[in-house]
Amino acid sequence: MTLAHSRRFSTALNPINISLLSNQLIQLGRINNNPDTFSETTHHHNKQLQISSLTSKLDDCTCLSQIKQVHAHVIRQGHDQSCYVITKLIRTLTKLGVPMDPYPRRAMELVRFRNPFLWTAAIRGYAVQGNLSEAVSMYGRMRLEGITPVSFTFSALLKACGSVGDFSLGRQFHAQTFRLSGFCSVYVGNTMIDFYVKCGYTECARKVFDEMPERDVISWTELIAAYARAGVMESAAELFERLPKKDMVAWTAMVTGFVQNAKPQEALEYFNRMEKSGIQPDEVTVAGFISACAQLGASKHADRAVEIALKAGYSPSDHVVIGSALIDMYSKCGNVEEAVKVFESMNNKNVFSYSSMILGLAMHGRAREALDLFHYMVTRTGIKPNTVTFVGVLTACSHAGLVDQGRQIFASMHETFGVEPTRDLYTCMVDLLGRAGRLQEALEVIETMSVEPHGGVWGALLGACRIHKDPDVAEIAARHLFEIEPDVIGNYILLCNVYASAGDWDGVISVRKLIKEKGLKKTPAVSWVVDDKGQTHKFFPGNMNHPMSDKIQETLEELVQRLTVLGYQPDLSTVPYNASDDEKRSILIRHTEKLALAFSLLTTSRGCTIKIMKNLRMCQDCHTFMRLASEVTGRVIIMRDNMRFHHFRSGDCSCGDFW
DNA sequence: CTAGGGTTAG
């Protein structure tokens, strides 16, 4: 190639090809280094070198002040009119989260001849910040100035529409993408999928996916995650299996998808499959794994979770996400001490770490510590509490019976911390008042809520009615609850229990009839303990098929004798059957957690803490039984029902009998 | 430039 060629081409070159040309010029310059002949080209060449040096400097910037320094160079060297440099500048500012106004916007406006890439960078800047109206107005001006948008322009606009969920506007841009740029690259297609997913139109996203001429693993993963978030794991799994090359992110989408849908067993399965296929997990994957272990609530998985995290190089002390997930996991596995240790070991803590710790403490009845931690968080750390934090704080108040304090916090929540009351937070308030026996006030809270009550709120009220044996309020709660959640068997059982405790057998019968009509099945109760070898032993109601059932029976009878001395009277009112007292007694003594307790007493040595899990809520009688049993046996009993942990120690329970 | 993210209640 001759120099004349180079020079002619150089004027028509687009900046992206500049470095290629520069190389050619350097080569030529070496061959013939007469400065007079090459002065013009050399000047041009130097300019290009400056530009590429400036843009690579921009690439290295990690904060605003560095960018401003480079920008000063840009101006000094006379490149403030270079679309290429200013586009890069805006992109870098966007990446660092600098708001478009005023700085990036100004730099852009100062360029006299703007090309579509510069406009697009600005539109994208607004899109990333969720400012749809500015993004659209930039686009309008761009069109007015007669600049033809490129496909990236539309992906930036779609991003803006997606972030505010403007479906109809986004759909128009979708149509224009094809009209103006004619074809759809994988990247633009992916942006469209993302847009539809963000607007909640999974089927539209699917349509784009199906019609794309080409897809990459990102297109697949976007859709898989969308199905997972929509709770359709079957579709997610189906897509995933069809995905030809599964990368780590795709695997992670499956793991976290199962976690989000409360299917921890499947999450672990996919994690194991991923390991088998030789792909290393990253922090997100490990966090998903830990979360699955938390949902399983079994310590044997917990140990493996820690092992995996450390093996992958994510120590909780330096990785907030891992640390926070571990706090939650230990709390849910019944080991709140270990959760506290992790929390204390963490060098960086955020709102997740604090919320998880507060919830963990609340769950274990350590209300005072939970509240102290909350106080420390808001006065000393500058971390802003969110909805979840307040769920934890109010749960703590509720379990400790701190009605007034909870009320105060709820009232100050919005004013002081800008947290809007959500349905979950109303649920906490109803729970707080309900547990304290203030059923009318709880009802008033529901009636004056600023959002439409959901099942949770009415369920909390119904649960409180069970504790305080109030069939009248229970009927109100149940009426709403059965409408919202007609298929949740637990709700019917709760109402049944309320009627039974009030001795209203007609009521009991009517609820039973309702259950039958709906074709609902009772969830069978099961309690289980895990022995030293990691073996799980399950106990079903009245189950006498257990190999040790004779011994268990014996132990329980003996235990009842000893408890009676302490004043134990079986609480027959909790048995929802119209049976004789003797029959009721015999039903009560065979509740699954009592069987599990007897088994543990028989199979573990003195001084050993007994840990029992149950899939349903424990009844009043079992609670009293455990409390007294902890006194006469001198054992610490940790009991996890489907709601929380009870720590029984020397005749007391961590919940203060307030549950 | 586009994908996955940990804490929520009865």
Side-chain angles (χ1 to χ4, degrees), chain A residues 91 94-95 117 120-121 124 127-128 151-152 155-156 158-159 162 185-195 197 216-226 228-229 247-257 259-260 281-292 294 319-329 331-332 350-360 362-363 386-392 394-395 398 422-432 434-435 454-466 477 481 485 488 490-491 494 617 642-644:
Chain A
R91 285 182 188 162
T94 303
K95 201 167 74 189
F117 293 99
T120 301
R124 196 169 166 279
V128 168
S151 61
F152 298 153
S155 42
L158 282 168
K159 194 184 181 76
S185 66
V186 179
Y187 163 67
V188 176
N190 288 347
T191 324
M192 282 174 187
I193 293 177
D194 185 57
F195 157 71
V197 167
D216 62 10
V217 65
I218 295 177
S219 336
W220 289 82
T221 309
E222 275 180 330
L223 213 52
I224 288 168
R229 277 194 291 262
D247 72 357
M248 188 258 290
V249 179
W251 280 104
T252 308
M254 289 306 287
V255 173
T256 54
V259 168
Q260 285 156 3
D282 78 347
E283 202 178 341
V284 181
T285 330
V286 175
F289 181 90
I290 297 173
S291 195
H319 293 80
V320 194
V321 178
I322 299 292
S324 307
L326 282 176
I327 292 170
D328 177 53
M329 184 193 74
S331 301
K332 288 189 177 140
N350 63 12
V351 65
F352 282 85
S353 333
Y354 275 91
S355 304
S356 298
M357 193 67 257
I358 290 168
L359 273 160
M363 213 190 305
N386 63 18
T387 307
V388 184
T389 321
F390 282 104
V391 168
L394 292 176
T395 305
S398 165
T422 61
R423 294 193 278 206
D424 293 335
L425 285 166
Y426 279 111
T427 304
C428 292
M429 279 313 282
V430 170
D431 188 56
L432 173 71
R435 270 173 213 280
H454 66 326
V457 186
W458 292 114
L461 185 62
L462 185 56
C465 292
R466 193 195 69 148
L481 197 51
E485 298 176 345
V488 178
N491 297 336
L494 268 178
R617 224 167 129 137
N642 60 338
M643 302 311 310
R644 70 182 57 77

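These numbers come from the heavy atoms of this one structure, side chains and all, not from hydrogens, waters or symmetry mates.
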Quiz item: How many Å lie between CE on A:Met363 and C1' on B:dG10, as a whole number?
Solution: 15 Å
Quiz item: Distance check: side-chain N/O of A:Arg644 vs OP1/OP2 of B:dA9, anything under 4.0 Å?
Solution: no
Quiz item: Do A:Asp216 and A:Ser219 have side-chain N/O donor and acceptor atoms under 3.5 Å apart?
Solution: yes
Quiz item: Can you tell which of B:dG5, B:dG10, B:dT2 lies closest to the side chain of A:Asp216?
Solution: B:dT2
Quiz prompt | Which nucleotide in B:dG4, B:dT2, B:dG10 has an atom nearest any side-chain atom of A:Asp431 | solution = B:dG10
Practice problem: Would you mind reading off the distance between A:Tyr187 atom OH and B:dC1 atom P, rounded to a whole angstrom? | Solution: 9 Å
Quiz item: A:Ser355 has a side chain; which of B:dT7, B:dA3, B:dG6 sits nearest to it?
Solution: B:dT7
Quiz prompt | Atom of A:His454, atom of A:Arg423 and distance for their closest heavy-atom approach | solution = CE1-CB, 3.4 Å
Exercise. Classify the side chain of A:Gln260 and the base of B:dG6 as holding, or not holding, a donor-acceptor pair under 3.5 Å.
Key: no
Practice problem: Go through B:dA9, B:dA3, B:dG6 for me and flag the one nearest to the A:Val391 side chain. | Solution: B:dA9
Quiz item: Is the distance from OP1 or OP2 of B:dT2 to the nearest side-chain N or O of A:Arg124 less than 4.0 Å?
Solution: yes
Exercise. Examine B:dG4: is either OP1 or OP2 under 4.0 Å from a nitrogen or oxygen in the side chain of A:Arg229? Give yes or no.
Key: yes
Exercise. Please report the closest heavy-atom contact between A:Val188 and A:Ser155, naming both atoms and the distance.
Key: CG2-OG, 4.5 Å
Quiz prompt | Among B:dG6, B:dG4, B:dG10, the one nearest A:Ala287 by side-chain distance | solution = B:dG6
Practice problem: With the side chain of A:Asp424 defined as its heavy atoms from C-beta on, choose the nearest nucleotide among B:dA9, B:dT2, B:dG10. | Solution: B:dA9
Quiz item: Considering only B:dG6, B:dT7, B:dT2, which nucleotide approaches the side chain of A:Val321 most closely?
Solution: B:dG6
Quiz prompt | A:Ser353 to A:Val320 - nearest heavy-atom pair and separation | solution = OG-CG1, 3.6 Å
Quiz prompt | Straight-line distance of A:Phe152 CZ to A:Thr191 OG1, nearest 0.5 Å | solution = 9.0 Å
Quiz prompt | Nearest-angstrom distance from the residue atom CG of A:Asp282 to P of B:dG6 | solution = 12 Å
Quiz item: Can you tell which of B:dT7, B:dG10, B:dG4 lies closest to the side chain of A:Asn491?
Solution: B:dG10
Quiz item: Can you find a donor-acceptor pair, distance only, under 3.5 Å between A:Asn642 side chain and B:dG10 base?
Solution: no
Quiz item: What nucleotide among B:dG4, B:dG10, B:dT8 has an atom nearest to a side-chain atom of A:Val388?
Solution: B:dT8
Exercise. Would you indicate, yes or no, if B:dT7 has its OP1 or OP2 atom less than 4.0 angstrom from a side-chain nitrogen or oxygen of A:Ser291?
Key: yes
Exercise. Would you indicate, yes or no, if B:dT8 has its OP1 or OP2 atom less than 4.0 angstrom from a side-chain nitrogen or oxygen of A:Lys332?
Key: yes
Self-check item: Closest heavy-atom pair and its distance - A:Met363, A:Met643
Solution: CG-O, 4.5 Å
Quiz item: Does a nitrogen or oxygen in the side chain of A:Arg435 sit under 4.0 Å from OP1 or OP2 of B:dG10?
Solution: yes
Self-check item: Separation of atom CG in A:Leu223 from atom P in B:dT2, rounded to whole Å
Solution: 18 Å
Quiz item: Between A:Arg91 (CZ) and B:dT2 (C1'), how many Å, whole number?
Solution: 14 Å
Practice problem: Grab the CZ-P distance between A:Phe390 and B:dT8 for me, whole Å please. | Solution: 17 Å
Quiz item: Expressed in angstrom and rounded to an integer, what is the separation of A:Trp220 atom CH2 from B:dG4 atom P?
Solution: 17 Å
Quiz item: Base, sugar-phosphate alone, or nothing: which one does A:Gly455 contact when heavy atoms must sit under 4.0 Å apart?
Solution: base
Quiz prompt | Residue A:Lys159, side-chain heavy atoms: nucleotide from B:dA9, B:dT2, B:dG4 that is nearest | solution = B:dT2
Self-check item: Euclidean distance, atom CE of residue A:Met254 to atom C1' of B:dA3 [Å, nearest integer]
Solution: 14 Å
